[in-house]
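Have a look at the structure below, then the notes.
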Amino acid sequence: MVSEKMAVELNKQLNFEIYSAYVYASMSSWLKSKDLAGFSNWMNVQVREEMDHAMRFYEFLHDSGASVEFDTVPKPKTEWADVNEVFEDTLAHERAVTSRIGKLIDLALEEKDHATNAALQWFISEQVEEESGVSAILKQVKRVNDFPNMLFMLDRELGQRAYTPPATSGA
Ligand code: FEO
């Protein structure tokens, strides 16, 4: 069982993961409209991963006897100045997610809720990978942002990213 307070906070994060998927879907669409199919593909994989994260919270809440409450998803940004801004926003978003997961762990520790703490450790490891992956792309984007030919080469590279379904559905 998780506490009522923890269930509320986990539900907020479930909904934030869905919002993350929405943010990346909007970025994917903008990138596609700029004929950057590879960047758009990369974001589409991100969308699917964010929905997996949401469903991981969904499973954990159900397994813990708590209810799941879906909320209104805020409208995401729809326009960016360039690819650099898209990835600046992506990194800022992932840092915000990391901070939120950290606060959930703080609460789990405060409540001596070892099961939730253990489930959240997966997310902390995932955030290290997410931030590192996005930082690496942002560095490359900064180098090539003003050179269309090089941007298209990076676009081709990011077109190779493939979605890998999670090994297990539970958290
Ligand atoms: Fe679900 Fe990208 O954090």
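A quick note: this is a predicted structure, and the numbers were derived from the prediction, not measured. Remember, it's 1-based here, ligands and their atoms both numbered in the order they're listed.
- Remark: side-chain polar atoms of D52 are not paired, donor with acceptor, to backbone N or O of P165 under 3.5 angstrom.
- Below the 2.8 Å limit, atom 1 (Fe) of ligand 1 has as protein N, O or S neighbours E17 OE1, E50 OE1, H53 ND1.
- Q13 and E17 share a donor-acceptor pair across their side chains, judged by distance under 3.5 Å alone.
- The residue from V144, L138, N145 that alone fulfils the side chain to side chain contact (heavy atoms under 4.5 Å, CB included) condition with K142 is L138.
- Using cut-offs of 30° and 60° on the angle between ring planes, the pair F123 and F57 is parallel.
- Side-chain contact of E50 with H53: a donor-acceptor pair under 3.5 Å is present, judged by distance alone.
- Linking Ile, Leu, Val, Met, Phe, Trp and Tyr whenever their side-chain heavy atoms come within less than 4.5 Å leaves I137 and V45 in two separate clusters.
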